[in-house]
Asks: 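Please read through the structure below; I'll follow up with questions.
Each chain gets a letter, A, B and so on, in the order the sequences are listed, and its residues count up from 1. These numbers were taken from a predicted model, which means no experiment stands behind them.
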Amino acid sequence: MALYKEQSLKLYNSMTGEKEIFKPINEGHIGMYVCGPTVYSNVHLGNCRTFISFDLIFRYFKHLGYKIRYVRNITDAGHLENDADSGEDRIAKKARLEQIEPMEVVQRYTVDFHNTLQKFNNLPPSIEPTATGHIVEQIETIKIILDKGFAYEVNGSVYFDVLKFNKNHDYGKLSGRSLEDMIANTRELAAQSDKRNPQDFALWKKAEPQHIMRWPSPWSDGFPGWHLECTVMSTKYLGEQFDIHGGGMDLKFPHHECEIAQGEASTGRNPVNYWLHANMLTLNGQKMAKSTGNNILPNEIFSGENDNLSKGFEPSVARFFMLQANYRSILDFSNTALLASEKGFNRLMDAYRYSSQLPVSATSSFSVSEWKQRCYDAMNDDFNSPILIATLFEAVKFIVGVKEGNEQITTEDKELLHNTMHDFIFDVLGLLDTTITNQDNSEKLSGTVELLIKLRAKARNNKDFATSDQIRDQLLALGIQLKDGKEGTVFTLEN
RNA sequence: GGCAUCGUGGCCGAGUGGCUAGGCAGAGCUCUGCAAAAGCUCGUACAGCGGUUCGAAUCCGCUCGAUGCCUCCA
């Protein structure tokens with residue numbers, strides 16, 4: 001029996017502002033769409049957090065036995081930098097600055113995006129469609145919206161008529177805004193365009209002569225509006241109505257609001273059942289953003305080459321750090337927080353590794369099955385990874401207790417404990433065991449260090465502490481730390 | 001200015017009407033030739049002011065503060 005039949009999952013629906021019991025349209029199947037990146041520069045850590053959040057969600061659904069189709073787009077058609085007609089396309093601008101083709105920009109940063117997410121151990125989505133690969137479908141959708149009377153053409157551009165749409169629909173229901181308030185608070189901008197009113201948004205834009213990325217359409221040589229691709233591609237691959245739509249918090253308005261409008265205008269149906277929004281990663285209390293330069297690149301985390309960092313960190317440590325906060329909370333990035341996570345991460349991994357070799361007893365002093373369900377309870381409560389991690393640390397404490405002889409575990413429970421930890425640490429949280437220990441190192445290195453450990457033990461037996469301390473201190477200077485325990489000495493390597 | 005979210009112990013960060021979050025740091029102890037490591041024990045916090053309640057960090061109101069969105073943004 002599939003696990004999802006035994007577990008009741010609740011998720012926080014941004015549309016209603018409440019945690020709701022999750023019920024997919026088709027039992028056992030899930031369609032999930034997540035807004036992907038605009039590939040005109042390297043992904044920064046804030047972008048990664050969103051995709052790690054949805055990777056956690058994707059992984060948990062898979063773990064529960066759902067058959068899930070996860071669609072995440074690549075925005076490779078440039079969005080305009082501002083709303084005025086003279087605005088420049090971001091990708092075209094980057095191409096101009098780097099003196100290359102726009103699609104070279106797209107290719108370069110798409111590859112970077114994939115490489116980076118792979119380092120964080122994100123699973124690839126089921127389908128990763130591109131905006132430029134769906135120009136035809138976007139034109140078709142514009143035609144439908146025009147036919148239904150929710151859009152108008154002006155000078156080769158097509159705009160969505162928000163005022164008209166709002167007469168029979170609720171524009172603003174996702175972000176909690178009312179159109180009246182928006183109109184009341186509109187600051188009149190000098191360079192207003194062909195729009196009938198400022199809340200309208202482009203479905204198709206006529207390209208200025210210098211605009212490189214352009215396609216023919218019934219209205220003009222131009223390019224699709226920024227919100228349309230997600231509507232079109234989610235509909236194409238998941239249907240007119242699907243289960244989950246996710247994305248960064250900053251996309252809630254206007255992007256997702258516009259998607260709802262486009263979907264309802266073209267199909268008459270509310271496209272999405274559950275809206276999930278991942279919150280921002282901040283740096284120095286401010287949102288990380290490409291445009292402001294307030295950001296950290298993943299490679300800087302790995303190498304430590306950034307003024308905010310004292311050292312480099314493994315991708316899994318950064319991932320663990322992010323998963324210690326709920327995906328809906330703002331998380332502030334800092335070196336000290338990352339250092340704390342690294343220690344906790346290592347302790348968790350040490351305990352996991354040891355869990356397979358625990359000494360067994362006739363009884364258990366800890367209810368492993370009850371603990372296992374609490375792991376599920378945590379994830380069932382809107383993917384509460386911090387609670388899951390806290391629960392895993394209960395097991396860590398217990399494992400240490402068994403090791404020290406203060407707790408007991410049966411053979412059966414030991415297997416259940418080890419397997420459950422494996423499932424949650426690796427399959428659900430998506431962490432990688434990158435901790436460097438003597439088990440992972442080359443035989444030559446570990447053989448050498450073992451030899452030094454023996455020599456040191458011999459020196460200590462002879463009370464030759466000068467020699468023993470020399471071995472210990474010089475190894476430490478090389479980044480090899482000796483740890484004396486009851487059962488002898490082990491070592492760890494600094495990474 | 002409008003809309004929204006949030007304000008938790010030294011730091012990060014859960015929870016949410018009565019019951020220990022967790023991690024890191026710190027303190028004491030054990031172990032140790034010394035140290036490190038490891039283990040054990042320890043914190044009574046919820047912005048401020050009112051209100052509801054037998055009882056509120058948790059609900060309501062106000063004040064203050066922070067952040068996000070309102071223009072592209074994960």
Asks: What's A:Val43 touching, base or sugar-phosphate or nothing? Going by heavy atoms closer than 4.0 Å.
Replies: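 Nothing, no nucleic acid heavy atom in range.
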Asks: For the residue pair A:Asn166 and A:Glu180, establish whether any side-chain heavy-atom pair is separated by less than 4.5 Å.
Replies: yes
Asks: Say whether A:Asp181 and A:Ser178, considering side chains only, have a donor N or O and an acceptor N or O under 3.5 Å apart.
Replies: yes
Asks: I'd like the P distance from B:U71 over to B:C12, given in whole Å.
Replies: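 Per the computed distance, 32 Å lies between those P atoms.
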Asks: What interatomic distance, in whole Å, is found between C1' of B:U44 and the corresponding atom of B:A21?
Replies: 13 Å
Asks: Pairs under 3.5 angstrom only: tabulate donor-acceptor contacts from the side chains of residues 381-388 of chain A to other protein residues two or more places apart or in another chain.
Replies:
residue, atom, partner, partner atom, Å
A:Asp381, OD1, A:Lys19, NZ, 2.9
A:Asp382, OD1, A:Tyr12, N, 2.9
A:Asp382, OD1, A:Tyr327, OH, 2.8
A:Asp382, OD2, A:Tyr327, OH, 3.4
A:Asp382, OD2, A:Arg328, NE, 2.7
A:Asp382, OD2, A:Arg328, NH2, 3.4
A:Asn384, OD1, A:Ile387, N, 3.2
A:Ser385, OG, A:Leu323, O, 2.7

Asks: Looking only at atom P, what distance separates B:U58 and B:G50, rounded to whole Å?
Replies: 14 Å
Asks: Please determine if a side-chain N or O atom of A:Arg347 lies less than 4.0 Å away from the OP1 or OP2 oxygen of B:A38.
Replies: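 No, because none of the side-chain N or O atoms of A:Arg347 sits under 4.0 Å from OP1 or OP2 of B:A38.
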Asks: Could you encode protein contacts along nucleotides 30-36 of chain B as a string, one character per nucleotide from 5' to 3', using B for base contact, S for sugar-phosphate-only contact and - for no contact, with a heavy-atom cut-off of under 4.0 Å?
Replies: --SBBBB
Asks: Rounded to whole angstrom units, what separation is found between the NE2 atom of A:His44 and the C1' atom of B:C72?
Replies: 13 Å
Asks: A:Thr467: what forms a side chain to side chain donor-acceptor pair (under 3.5 Å) with it, not counting sequence neighbours?
Replies: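 With sequence neighbours excluded, A:Thr467 shows a side chain to side chain donor-acceptor pair (under 3.5 Å) to A:Asp464, given in chain and number order.
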Asks: Identify each donor-acceptor pair in which a side-chain atom of residues 397-408 of chain A lies under 3.5 Å from a protein atom, sequence neighbours left out, and give them as a table.
Replies:
residue, atom, partner, partner atom, Å
A:Glu407, OE1, A:Ser365, OG, 2.6

Asks: Heavy atoms under 4.0 Å, any strand shown: does A:Gly36 hit a base, just sugar-phosphate, or nothing?
Replies: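 If one applies the 4.0 Å heavy-atom cut-off, A:Gly36 turns out to touch the sugar-phosphate alone, with no base involved.
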Asks: Give each stem of RNA chain B as a range with a range, requiring at least 3 consecutive Watson-Crick or G-U wobble pairs whose two distances are under 3.5 Å.
Replies: B:1-7 with B:64-70, B:10-12 with B:22-24, B:26-30 with B:38-42, B:47-51 with B:59-63
Asks: Any side-chain N or O of A:Lys397 less than 4.0 Å from the OP1 or OP2 oxygen of B:U41?
Replies: yes
Asks: Which nucleotide wins on minimum distance to the side chain of A:Leu251, given the candidates B:U67, B:C3, B:A74?
Replies: B:A74
Asks: What does the B/S/- profile of nucleotides 4-21 of chain B look like, 5' to 3', with a 4.0 Å heavy-atom cutoff to protein?
Replies: --------SSSS-----B
Asks: In Å, rounded to the nearest 0.5 Å, how long is the span from CD1 of A:Ile471 to OG1 of A:Thr489?
Replies: 11.0 Å
Asks: Could you go step by step and tell me if A:Asp112 and A:Asn115 meet the side chain to side chain donor-acceptor pair (under 3.5 Å) rule?
Replies: CA-CA 5 Å; A:Asp112 171 73; A:Asn115 285 344; over 6 Å; no
Asks: Between B:G43 and B:G33, how far apart are the two P atoms, rounded to whole Å?
Replies: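 One P to the other, the span is 32 Å.
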Asks: Could you check how far CG of A:Asp250 sits from C1' of B:C73, rounded to whole Å?
Replies: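 For the pair A:Asp250 CG and B:C73 C1', the rounded distance is 5 Å.
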Asks: Determine the interatomic distance between P on B:U53 and the same-named atom on B:C11; round to the nearest Å.
Replies: 36 Å
Asks: What is the nucleic acid contact for A:Gly285, judged by heavy atoms within less than 4.0 Å: base, sugar-phosphate only, or nothing?
Replies: sugar-phosphate
Asks: OP1 or OP2 of B:C73 sitting under 4.0 Å from any side-chain N/O of A:Lys287?
Replies: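 No, A:Lys287 has no side-chain N/O under 4.0 Å of OP1/OP2 on B:C73.
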Asks: For the pair A:Asp55 and A:Arg59, find out whether any cationic side-chain nitrogen is under 4.0 Å from an anionic carboxylate oxygen.
Replies: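 A salt bridge links A:Asp55 with A:Arg59.
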Asks: For the CG atom of A:Asn73 and the CD atom of A:Glu128, what is their distance to the nearest 0.5 Å?
Replies: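 So the CG of A:Asn73 and the CD of A:Glu128 are separated by 8.5 Å.
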Asks: Roughly how many Å apart are B:G39 and B:C73, using the P atom of each and rounding to a whole number?
Replies: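 Straight-line distance between the two P atoms is 48 Å.
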Asks: So, do A:Pro271 and A:Glu259 sit near enough that their side-chain heavy atoms are less than 4.5 Å apart?
Replies: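 A side-chain contact under 4.5 Å is absent here.
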Asks: What's the gap between B:C49 and B:A56 when it is taken at their C1' atoms, as a whole Å value?
Replies: 15 Å
Asks: Please say whether the positively charged group of A:Lys372, taken as NZ for Lys or CZ for Arg, lies over the ring of A:Tyr376, i.e. under 6.0 angstrom from the six-membered ring centre and within 45 degrees of the axis.
Replies: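 That pair does not qualify as a cation-pi contact.
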Asks: State whether A:Arg374 and A:Glu370 are salt-bridged, where the test is any N-O pair (Lys NZ or Arg NE/NH1/NH2 against Asp/Glu carboxylate O) under 4.0 Å.
Replies: yes
Asks: Check this for me: does any side-chain nitrogen of one of A:Asp89 and A:Lys205 sit under 4.0 Å from a carboxylate oxygen of the other?
Replies: no
Asks: Between B:C24 and B:C42, how far is it from one P atom to the other, in whole Å?
Replies: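 Looking at atom P only, B:C24 and B:C42 are 16 Å apart.
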Asks: Could you say whether A:Val400 or A:Met288 is positioned toward the 5' end of RNA chain B, judged by the nucleotide with the nearest heavy atom to each?
Replies: A:Val400
